[in-house]
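For reference, the structure discussed in these notes is given below.
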Amino acid sequence: MHSILFIVFLPLLAAIVAGFGNKALGFVPAKIVTTGALVIACALSWPVFIGFLKGTSEPSVVPVLHWLTSGTLTFDWALRVDTLTAVMLVVVTSVSTLVHIYSWGYMDEDPDQPRFFAYLSLFTFAMLMLVTANNLVQMFFGWEGVGLASYLLIGFWFQKPSAGAAAIKAFVVNRVGDLGFMLGIFGTYMVFGTVSIPAILAAAPGMAGSTIHFLWFDAHTMTVLCLLLFVGAMGKSAQLGLHTWLPDAMEGPTPVSALIHAATMVTAGVFMVCRLSPMFVTSPVALGVVTFVGAATCFFAATVGTTQWDIKRVIAYSTCSQLGYMFFGAGVGAFGAAMFHLFTHAFFKALLFLGAGSVIHAMHHEQDMRFYGGLRKKIPITFWAMTAGTLAITGVGIDGIGGFAGFYSKDSILESAFAAGTELGGFAFWCGIIAALMTSFYSWRLVFLTFFGSPRWIQSEHIQHAVHDAHGHGDNGHDDHAHGHDDHGHDAHADHGDGTGGYHPHESPWVMLLPLVILSIGAVFAGAVFHSWFVGPETGAGFWKGSLAFNDHLMTASEDVPAWVKWAPFTVMALGFVIAWYGYIKNPKFPAAVAGQIGVVYRFVYNKWYFDELYDFLFVRPAFAIGRFFWKFGDIGVIDRFGPNGAAWVVEKGSVYAKKVQSGYLYSYALVMLLGLVGAVSWVLGH
């Protein structure tokens with residue numbers, strides 16, 4: 001298990017070398033160092049995971065160093081390796097490795113490649129620190145590390161105002177969640193007297209039923225602690241209310257989107273809830289909140305995804321929705337199913353994002369799907385890869401026969417929610433079913449708008465400029481960044497006389513296509529291969545080995561649900577496909593007609609339920625108003641006026657009067673000296 005040291009620290013070493021070496025190191029050496037480190041980490045991670053699959057490995061803790069002792073607070077820096085860690089290791093290192101390889105092609109002409117690859121490796125190290133944490137402080141270190149790295153990556157193109165704004169937004173929104181996480185850690189230490197995760201989980205059942213004085217009233221101890229910790233999970237995993245940063249994170253390069261959304265930052269909250277699942281099962285109220293928030297997020301994000309035109313934003317809201325599935329799966333007690341969906345989702349979501357990057361690469365950085373169309377013959381490998389990802393995310397499969405990855409993991413969550421037999425479980429089930437319908441619709445809508453129909457390329461301003469430049473008319477000064485599009489510096493290719501303005505979309509280079517092929521294999525087979533280990537009633541408990549609270553009774557009940565429950569996801573998936581086919585292939589005027597009929601509802605959903613506008617009104621504007629008040633009145637009107645400016649005024653005026661006293665005549669100075677002497681003598685005699 002000492003290989004865990006190499007798995008965790010190789011990405012950090014690579015980030016340091018590439019980051020400090022930067023351009024002096026050179027583009028190719030920086031990419032070789034960072035990518036090579038991730039390839040080695042990935043190669044070492046899979047044997048660890050396979051060891052737990054076979055049952056030959058046992059949970060262990062690898063000490064690194066003693067970290068801190070302060071009174072009764074003491075903890076070490078140690079790496080915990082168990083089944084839950086092993087699952088996250090292969091997810092993080094596999095996706096990160098493929099993103100590194102993909103970025104060789106996607107970022108090929110970016111002038112800041114060493115910095116980009118250093119940020120990617122730093123991100124990976126922070127996530128690995130989080131998933132191997134043996135205490136809450138170490139987990140928080142990794143938690144904040146991925147927050148920092150996401151800020152750097154989202155705002156990588158810092159010359160682009162929208163990228164800087166998106167990075168700040170992600171950082172600030174996550175601070176809200178992180179405050180809850182910190183309070184949860186403080187409260188946990190106060191209650192248990194330790195931050196060691198194994199010690200806390202062992203003592204958690206004994207705290208069931210106890211109360212704590214919190215906010216002027218007595219509350220259930222474990223409910224308070226779990227809800228505070230869950231606030232942190234809501235921020236990091238973009239759950240409803242703290243989700244607004246996630247779509248804006250698309251301002252970063254597409255490989256960043258794939259890494260953040262598939263394997264690292266957004267899954268941290270799900271991992272944390274599953275890692276601390278023995279705490280959560282002691283509080284039905286906390287689990288109910290997790291269920292409700294997850295189900296609401298699942299439904300909300302799916303509605304927004306049906307109306308967006310930016311290809312990356314559609315997939316971003318898809319991520320938000322799928323995270324909702326994971327949380328309400330955990331909320332009903334199916335922690336194994338939640339982790340199973342996290343595992344499969346990493347493959348098909350990374351595939352969809354990197355596939356979208358390949359489309360953007362082909363379309364000269366255009367991200368609006370209204371300017372796509374007819375691309376399946378132009379970029380066939382990308383088309384088939386994204387089709388595999390779409391089949392996986394929509395959960396295509398038939399009970400008793402088999403299907404794609406999402407069929408196994410998402411259906412397992414839905415069946416567990418129904419089998420839970422609670423009102424919140426039923427609410428989550430129906431939210432999940434409706435979201436599955438919308439997921440199928442917006443996913444196939446993306447495929448049809450992008451790869452089918454007639455080409456609409458020349459209508460795009462970006463393509464017009466690309467053709468203009470390719471015909472030899474020189475540089476027109478067009479700046480992709482100014483339009484908020486993903487820019488990686490590739491030139492367009494053009495020709496004449498094809499009826500599309502002379503533009504020819506082109507397939508991506510092999511270094512970008514190879515990760516798509518590998519991820520396609522995961523999207524197709526990951527569910528069928530690993531299903532029995534993750535959620536099997538007879539094998540699941542033996543696989544997880546106590547690393548999470550595995551409810552084998554719930555898993556057994558989920559396999560015995562009525563037939564209509566098992567067929568419901570397939571039915572709505574097929575219905576969503578048919579609606580998308582009719583609206584974007586058979587009758588393209590249909591979507592606009594429907595949008596016109598439900599104008600108010602459409603605008604409400606298209607504008608993301610006006611969360612951004614609401615937060616702007618409630619928080620942003622008042623914060624700026626308060627800031628202006630303290631700036632104008634407090635800083636300038638009071639502090640500056642009576643502080644430095646006032647002191648300067650006193651000195652200036654004093655110098656004017658002092659200058660008048662300095663006449664240069666001897667009798668004037670003698671008079672002053674005499675008056676001073678009289679005053680001094682008078683003071684002495686008076687005392």
Side-chain angles (χ1 to χ4, degrees), residues 154 161-177 180 231 233-252 257 260-261 266 269 289 292-325 327-328 367-370 427-428 430-432 434-435 437-439 441-443 445-446 483-484 591-627:
I154 294 169
S162 58
I168 293 173
K169 185 176 183 180
F171 204 76
V172 171
V173 173
N174 271 276
R175 296 290 69 73
V176 178
V231 170
M234 287 179 62
K236 200 65 72 181
S237 294
Q239 293 301 281
L240 188 64
L242 296 178
H243 68 280
T244 53
W245 67 269
L246 192 61
D248 289 17
M250 297 303 96
E251 292 293 340
S257 305
I260 291 177
H261 285 243
V266 297
V289 172
F292 178 81
V293 171
T297 304
C298 175
F299 175 82
F300 154 76
T303 64
V304 180
T306 62
T307 61
Q308 301 302 300
W309 294 110
D310 186 307
I311 186 171
K312 288 173 65 177
R313 283 186 177 269
V314 173
I315 305 174
Y317 278 105
S318 166
T319 299
C320 196
S321 182
Q322 297 303 309
L323 288 166
Y325 277 105
F327 273 112
F328 81 68
Q367 294 176 208
D368 194 324
M369 296 185 297
R370 288 171 290 190
F427 170 76
W430 285 110
C431 282
I434 298 171
L437 168 65
M438 293 186 286
T439 299
F441 170 75
Y442 66 65
S443 297
R445 171 180 178 261
L446 183 152
H483 291 265
V594 173
Q597 289 291 325
I598 57 169
V600 175
V601 176
Y602 177 82
R603 286 190 295 273
F604 178 74
V605 175
Y606 179 76
N607 288 286
K608 302 159 288 188
W609 292 29
Y610 292 101
F611 268 100
D612 283 313
E613 290 78 4
L614 178 63
Y615 287 177
D616 182 67
F617 176 77
L618 291 178
F619 304 114
V620 178
R621 293 184 185 179
F624 275 103
I626 293 171

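Computed from heavy atoms alone, side chains included, the values below leave out hydrogens, waters and symmetry copies. Worth saying up front: this structure is predicted, and the values here are computed from it rather than measured.
For the pair Cys320 and Ala238, the tightest heavy-atom approach, listed with the atom from each and the gap, is SG-O, 3.2 Å. Residues Tyr610 and Arg603 share a closest heavy-atom pair of OH-O, 3.8 Å. The minimum heavy-atom distance linking Glu251 with Ala163 is given by the pair CB-CA, 3.8 Å. Closest heavy-atom contact between Val176 and Val231: O-CG1, 4.2 Å. Closest non-hydrogen pair, Ile154 versus Ala167, comes out as CG2-N, 3.7 Å.
To the nearest 0.5 Å, atoms CD1 (Ile315) and OG (Ser321) are separated by 13.5 Å. Between the OG1 atom in Thr303 and the OH atom in Tyr317 there is a gap of 9.0 Å [rounded to 0.5 Å]. To the nearest 0.5 angstrom, Leu323 atom CG is 12.5 Å from Leu240 atom CG. Remark: Trp245 CH2 to Ile260 CD1 distance equals 6.0 Å, nearest 0.5 Å. Note: Cys298 SG to Gln239 CD = 9.5 Å, rounded to the nearest 0.5 Å. Taken to the nearest 0.5 Å, the CZ atom of Phe300 stands 13.5 Å off from the SG atom of Cys431.
With a 6.0 Å radius and a threshold of 12 heavy atoms from other residues, nucleotides or ligands, Phe624 has its CZ atom at or below the threshold. Applying the 6.0 Å contact sphere to CZ of Phe427 captures more than 12 heavy atoms from other residues, nucleotides or ligands.
Here Gln322 pairs with His341 under the side-chain hydrogen bond (donor to acceptor under 3.5 Å, both in side chains) rule; sequence neighbours left out. For Arg621, the salt bridge (Lys or Arg N to Asp or Glu O under 4.0 Å) test picks out Asp616, with sequence neighbours left out. A search for salt bridge (Lys or Arg N to Asp or Glu O under 4.0 Å) contacts involving Lys608 returns Asp612, not counting sequence neighbours.
Paired with Gln308 under the rule side-chain contact (heavy atoms from CB on, under 4.5 Å), one option of Leu446, Val605, Val314 passes, and it is Val314.
Note on ring orientation: taking the six-membered ring where Trp is involved, the planes of Tyr615 and Phe611 are perpendicular (angle over 60°, cut-offs 30° and 60°).
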TODO: Could you give me the CA-CA distance, side-chain angles and deciding distance for Thr297 and Phe327, then say whether side-chain contact (heavy atoms from CB on, under 4.5 Å) is met?
DONE: CA-CA 9 Å; Thr297 304; Phe327 273 112; over 6 Å; no

Open item on the list: With salt bridge (charged side-chain N to carboxylate O under 4.0 Å, His left out) as the criterion, how do Asp368 and Lys312 come out once you've worked through the C-alpha distance, each side chain's angles and the decisive distance to 0.1 Å?
Closed with: CA-CA 9 Å; Asp368 194 324; Lys312 288 173 65 177; over 6 Å; no

Task: Working for side-chain contact (heavy atoms from CB on, under 4.5 Å), residues Met369 and Arg445 - done: CA-CA 10 Å; Met369 296 185 297; Arg445 171 180 178 261; 3.9 Å; yes

- [ ] With side-chain contact (heavy atoms from CB on, under 4.5 Å) as the test, would you mind laying out the steps for Val173 and Leu246 before giving the verdict?
- [x] CA-CA 10 Å; Val173 173; Leu246 192 61; over 6 Å; no

Open item on the list: Under the criterion side-chain contact (heavy atoms from CB on, under 4.5 Å), I'd like the reasoning laid out for Thr244 against Asp248: C-alpha separation, chi angles, the key distance, then a yes or no.
Closed with: CA-CA 7 Å; Thr244 53; Asp248 289 17; over 6 Å; no

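The side-chain heavy atoms of Met438 and Phe299, taken from C-beta on, include a pair separated by under 4.5 Å.
Judged purely by atom type and a 3.5 angstrom limit, Arg313 has no side-chain atom pairing as donor or acceptor with the backbone of Trp309. Without hydrogens or angle criteria, Tyr325 side chain to Gly432 main chain gives a donor-acceptor distance under 3.5 Å.
Salt bridge annotation for Arg370-Asp310: absent, with no cationic side-chain nitrogen under 4.0 angstrom from a carboxylate oxygen.
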